[in-house]
K.L.:
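Here it is: the structure, laid out below.
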Amino acid sequence: MKNCKRYLVTSALPYANGPVHIGHLAGCYLPADIYVRYLRMKGEDVIFVCGTDEHGVPITIRAKKEGITPQEVVDKYYKQIKVSFEEFGISFDIFTRTSTKVHHDTAQEFFLNLYNKRVFKEEITKQFYDEKAQSFLADRYIIGTCPNCKNENAYGDQCENCGTSLDPSELINPKSTLSGATPVLKETKNWFLPLDDMQDGLKKFIDSRQGWKNNVLGQCNSWITQGLHSRAMTRDLDWGVNVPLKDAEGKVLYVWFDAPIGYISATKEYFEQRNNGRITVTDATVKSEKWESYWKNDESCLIHFIGKDNIVFHCIIFPAMLMAYNEGNTDKFVVPMNVPANEFLNLEGNKISTSRDWAVWLHDYLIDFPNRQDELRYVLTSIAPENKDSDFSWKDFQARVNNEMADIMGNYIKRVIDLVHKYCDGKVPTLNETILLGDDEKFTNDLESTEFSIANSIMEFKFRDGLFTAMDFARKGNQFLAETEPWKLVKTDPDKVDVILFRSLLTCVSLAKFIYPFLPQTSKRILQQLNLNESILSSSEAIINHIKSGNKINASEILFTKITDEEMEFQIKKLADKSVAKSEVTAAEKIKFKEPTTFDEFSKMDIRIGTILEAVKVPKTEKLLKLLIDTGLDKRTVVSGIAEYFKPNEIIGKQVCILANLAPRTIKGIESNGMILMAENSDGELSFMAPTKEMENGAIVR
RNA sequence: GGCGAGGUAGCUCAGAUGGUUAGAGCGCAGGAUUCAUAACCCUGAGGUCAGGGGUUCAACUCCCCUCCUCGCUACCA
């Protein structure tokens, strides 16, 4: 294991086209925060950076949809996301955005460095260009007639009518959605990062890493053994970081080129602001003086916290970029030491979906459960998808909060404080070392091994484990009280009660320290009740030395109130209602009719009734069935993408509608003649279109 | 179909390089207790470790096959 003198910790840059939900939090913000808080507590030199990713096509689409500018979109979500993270105590040293000047400059410099070393391969391709708007068009910005189903509003990448995925050049009569003009094909040059040539270096990089998680390693090796391909690092688009070359007008850096550089520029910006006095350095856990100490120094360890969808970018592409930069440079960037990617968090058994509004949004949670951030932090850490996808349910949330946080830990703290008030006059009792409890040595060992074990868990990214170990310590505290029964002893041996309660107070303070990285708010509240200063958390002194006999402690207060059934029912209902409302909206959106057509146009379609004679699954495919259809006039083969919904033997003998005069097309080596007509609902479910009574094969549909 | 990650008590999950009776928490049942948020504490029931083969003195742990879940990928005229 590399000896880390400094830590540079990043969380995935959230994309600024929507708010953040519990899946984001559990995936990479909470784990990173726990890690960082622990490091700081230990007195390590650490910087924790993040910011919104504000470039890329989806933001421009979102802007268009809402009728606002891309800038307005990112401004809105930047603010909202920033507040959500602050509220949940995600302790970034800086939370910036990729639209800052620092970032644009940094990304451009980085690009130029590679460019000047001729790392990129230039490739010229033909792309649609809108002469009126003077801009190249992303596939989505071109509409035209689908070559397949003749839908006049097919997008350049896909026809939403028939589902066909398209290349823009296939569209008949293409039009730009920017100006309505007919786009022309124009040659354009883009710069590619030759990942294929860098494969060996990348493999060495991956192989030399230690302590990586299985899921991450497996994914990386899979990409590498399958063979990497060069990837365009520039795009013809006007929203993003401009490509800093004179023959690159109207081009921006590919978001996945500029986004990870955002980690670098965020670090730079931190120091810029700090030097300007805009960041006040209070406890100085960012100990070094310049950004290069973190990025360009061997003794610095770079750790990326991300979700599994980002593995390829952080483990392959970004390292490739860094390695390319380092080649021939004396000031070398560090490459990631570890990328502890989490899997996905589901919600009530279903995938979290922004579009269906199947999510618990952080800003909503904060309204419904004010000042209960630690409860969510606790539950999300307990069920974090560290090794496999996991599930958040409100019922489970309630059980964990009530049975674990409130009953075990919250109750324990209150119990001890109340006992001290009752039997020790609200003051820390004296520790008479001559009074032994029999297990004194064991207790000391327990205390040490618990601290050690939690530290190890955190350093190995096993946050769930660490949290459970801490909770277990509270359990032991409860056990100790049950065994020693100070409420009985007080009548016969009050001196011993003092010793028991001193140990219990020590347990409480230790607990506050142990849970600090996970539950910072709770940790501080415990210390307040015990009338202790927060600074002891990061003190290197043994905990016991902070507990001074005779010091007054404050009145107990309940740390966690229980979550009621009503509250949970409300949440569950809210989730269902929103989801239904959303699906109705999307259904309404879908019902937009196509452009008017004519009878003549329609008459060109030769739709017939046919009967399925044979059906077999096309080998090596997921969705394809090869059908033999009796059309009355002939028997023909049709390949249809319906295998997910129909088993071959269930549909033999069924009558169907078939578009008979569709041009043949070879799919997976099979010539398909015609197309089976299907109805599809908003969930993508399919149903055959069939006559309601049996008709002769070849009957005309019109 | 290819590649990757998973499939362990009702639920959420632990189980280095194979080795005595497979673990924890929650939930459940019974008991004990009253300092505390009807909390805590103790005891117990519960698993052919997805299924089937194989290697081995010995497999949850290694190999092969099948099934299921998730992700990436191909395919949907």
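Fair warning: this is a prediction, and the values are worked out from it, not measured in the lab. Residue numbering restarts at 1 for every chain, and letters A, B, ... go by the order of the sequence lines. In what follows, every heavy atom counts, from backbone to side chain, and hydrogens, waters and symmetry copies are set aside.
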K.L.:
For RNA chain B, whose closest nucleotide is more 5', that of L559(A) or that of F344(A)?
P.N.:
L559(A)

K.L.:
Mind checking whether F369(A) and W394(A) have ring centres under 6.0 Å apart?
P.N.:
yes

K.L.:
Of the listed nucleotides (A36(B), G71(B), A39(B)), which one gets closest to any side-chain atom of D418(A)?
P.N.:
A36(B)

K.L.:
Rounded to whole Å, how long is the line connecting atom CE of M405(A) with atom C1' of A39(B)?
P.N.:
16 Å

K.L.:
How would you label the glycosidic angle of A16(B): syn (within 90° of 0) or anti?
P.N.:
syn

K.L.:
Can you find a heavy atom in the side chain of T637(A) that is under 4.5 Å from one in the side chain of E614(A)?
P.N.:
no

K.L.:
Between the side chains of R475(A) and D472(A), is the shortest nitrogen-to-carboxylate-oxygen separation below 4.0 Å, so that they form an ion pair?
P.N.:
yes

K.L.:
Using the C1' atom as the point on both nucleotides, what is the distance between U34(B) and C41(B), in whole Å?
P.N.:
11 Å

K.L.:
So does R636(A) pair up with D630(A), basic N to acidic O under 4.0 Å?
P.N.:
no

K.L.:
Map I558(A) and E483(A) onto RNA chain B by nearest heavy atom, then report which one ends up closer to the 5' terminus.
P.N.:
I558(A)

K.L.:
Between protein and nucleotides 2-7 of chain B, map the contacts as a letter string: B base, S sugar-phosphate only, - none, heavy atoms under 4.0 Å, written 5' to 3'.
P.N.:
-SSSSS

K.L.:
How many whole angstroms separate atom CH2 of W487(A) from atom C1' of C35(B)?
P.N.:
6 Å

K.L.:
Strictly by modelled atom types, are Q398(A) and N403(A) linked by a side-chain donor-acceptor pair under 3.5 Å?
P.N.:
no

K.L.:
Less than 4.0 Å between a side-chain N and a carboxylate O, is that true for E386(A) and K213(A)?
P.N.:
no

K.L.:
Base, sugar-phosphate or nothing for S640(A)? Non-hydrogen atoms, less than 4.0 Å.
P.N.:
sugar-phosphate

K.L.:
What is the distance from CZ of F468(A) to P of C13(B), rounded to the nearest Å?
P.N.:
9 Å

K.L.:
Take atom CG of N350(A) and atom P of U69(B), then tell me their distance rounded to the nearest Å.
P.N.:
14 Å

K.L.:
Tell me what V490(A) touches on the nucleic acid: a base, only sugar-phosphate, or nothing, going by heavy atoms under 4.0 Å.
P.N.:
nothing

K.L.:
Heavy atoms under 4.0 Å, any strand shown: does Y423(A) hit a base, just sugar-phosphate, or nothing?
P.N.:
sugar-phosphate

K.L.:
Determine if the base of G46(B) is syn or anti; take syn to mean the glycosidic torsion is within 90° of 0.
P.N.:
syn

K.L.:
Tell me: CG of N346(A) to C1' of C11(B), nearest whole Å?
P.N.:
16 Å

K.L.:
Does the pair D418(A)/K422(A) count as a salt bridge with the N-to-O cut at 4.0 Å?
P.N.:
no

K.L.:
Rounding to the closest angstrom, what is the interatomic distance between C11(B) and U21(B) at atom C1'?
P.N.:
25 Å

K.L.:
Taking the six-membered ring for Trp, are F473(A) and F514(A) ring centroids under 6.0 Å apart?
P.N.:
yes

K.L.:
Distance check needed: A32(B) C1' versus N478(A) CG, whole Å only.
P.N.:
15 Å

K.L.:
State, without any angle test, whether T564(A) and E567(A) hold a side-chain donor-acceptor pair at a distance under 3.5 Å.
P.N.:
yes

K.L.:
For nucleotides U33(B) and A38(B), find the distance between their C1' atoms and express it as a whole number of Å.
P.N.:
13 Å

K.L.:
So, the side chain of T507(A) versus the backbone of R503(A): is there a donor-acceptor pair under 3.5 Å, distance only?
P.N.:
yes

K.L.:
Distance check needed: A39(B) C1' versus F560(A) CZ, whole Å only.
P.N.:
15 Å

K.L.:
Reading nucleotides 22-30 of chain B from the 5' end, what letters show protein touch, with B for base, S for backbone sugar-phosphate only, - for no heavy atom under 4.0 Å?
P.N.:
---SSS---

K.L.:
Where are the stems of RNA chain B, defined as at least 3 consecutive Watson-Crick or wobble G-U pairs with both distances under 3.5 Å?
P.N.:
B:1-7 with B:67-73, B:10-13 with B:23-26, B:28-31 with B:41-44, B:50-54 with B:62-66

K.L.:
Is the Y378(A) to F560(A) ring centre distance short of 6.0 Å?
P.N.:
no

K.L.:
Please check: side-chain N/O of N346(A) versus main-chain N/O of D391(A), any donor-acceptor pairing under 3.5 Å?
P.N.:
no

K.L.:
Establish, with yes or no, whether the OP1 or OP2 oxygen of G71(B) is under 4.0 angstrom from a side-chain nitrogen or oxygen of K351(A).
P.N.:
yes

K.L.:
Can you tell me how far P in G19(B) sits from the matching atom in A58(B), rounded to whole Å?
P.N.:
14 Å

K.L.:
When you measure from the side-chain N and O atoms of R464(A) to the phosphate of U12(B), is any distance below 4.0 Å, counting only OP1 and OP2?
P.N.:
no

K.L.:
Rounded to the nearest angstrom, tell me the gap between atom CG in L501(A) and atom P in A36(B).
P.N.:
13 Å

K.L.:
With P as the reference atom in both, quote the distance from C70(B) to U12(B) in angstrom, rounded to an integer.
P.N.:
15 Å

K.L.:
Answer yes when R608(A) and D606(A) have at least one side-chain N-carboxylate O distance shorter than 4.0 Å, and no when they do not.
P.N.:
yes

K.L.:
Could you give the distance separating C40(B) and A32(B) at their C1' atoms, to the nearest angstrom?
P.N.:
11 Å

K.L.:
According to the interplanar angle, ranging from 0 to 90°, do the rings of F305(A) and F463(A) count as parallel (below 30°), tilted (30 to 60°) or perpendicular (above 60°)?
P.N.:
tilted

K.L.:
As a test of reading the structure: which of C35(B), A36(B), C76(B) is closest to the side chain of I667(A), going by heavy atoms?
P.N.:
C76(B)

K.L.:
Applying a 4.0 Å non-hydrogen cut-off, can you work out what K422(A) is touching in the nucleic acid: base, sugar-phosphate, or nothing?
P.N.:
sugar-phosphate

K.L.:
On a whole-Å scale, what distance lies between the P atoms belonging to C57(B) and A16(B)?
P.N.:
23 Å

K.L.:
Rounding to the closest angstrom, what is the interatomic distance between A14(B) and G25(B) at atom C1'?
P.N.:
11 Å

